[in-house]
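Take a look at the structure below.
In this chain, residues are counted from 1 in sequence order. Note that the structure is a prediction, hence the values are computed from the model and not measured.
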Amino acid sequence: MTECPFCGWPDADPFAVLSRHRTVVGETVWTRCACGSLQVREIGVAGMRITTRGRPGRGPAWCEPGA
């Protein structure tokens, strides 16, 4: 199992799903990690892979109180 290199959150359990888009090969899913890192995932017959992962924002993480 892989995890976010910035905060250790498990990739198998995205903190927030922002959007889903059907494609010819399956589905593209935009997610956000608990630390705020944006991820683009491709889901198809071969499984799920993260194709792009951004860095967390400079503000407080979504899971922190007061965020």
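Side-chain contact between I50 and V40: absent, with no pair of heavy atoms (C-beta onward) separated by less than 4.5 Å. Side chains of C35 and C4 form a contact here, defined as non-hydrogen atoms less than 4.5 Å apart.
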List the steps and the verdict of side-chain contact (heavy atoms from CB on, under 4.5 Å) for L38 and L18. CA-CA 9 Å; L38 186 64; L18 305 176; 3.5 Å; yes
Quick one: do D13 and E3 satisfy side-chain contact (heavy atoms from CB on, under 4.5 Å)? Show the steps, please. CA-CA 9 Å; D13 183 26; E3 55 191 37; over 6 Å; no
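Ion pairing of R53 with D11 is present here, as a side-chain N (NZ or NE/NH1/NH2) and a carboxylate O approach within less than 4.0 Å.
Remark: C33 SG to F15 CZ distance equals 8.5 Å, nearest 0.5 Å. Rounding to the nearest 0.5 Å places CZ of R41 at 4.5 Å from CE of M48.
A donor-acceptor pair under 3.5 Å is absent between the side-chain atoms of T52 and the main chain of Q39, judged by distance alone. In this structure a side-chain-to-backbone donor-acceptor pair under 3.5 Å is missing from T31 to P14.
Annotation for G54 and F6: closest pair O-CE1, 3.3 Å, computed over non-hydrogen atoms.
When only modelled atom types and interatomic distance are considered, S19 and H21 share a side-chain donor-acceptor pair under 3.5 Å.
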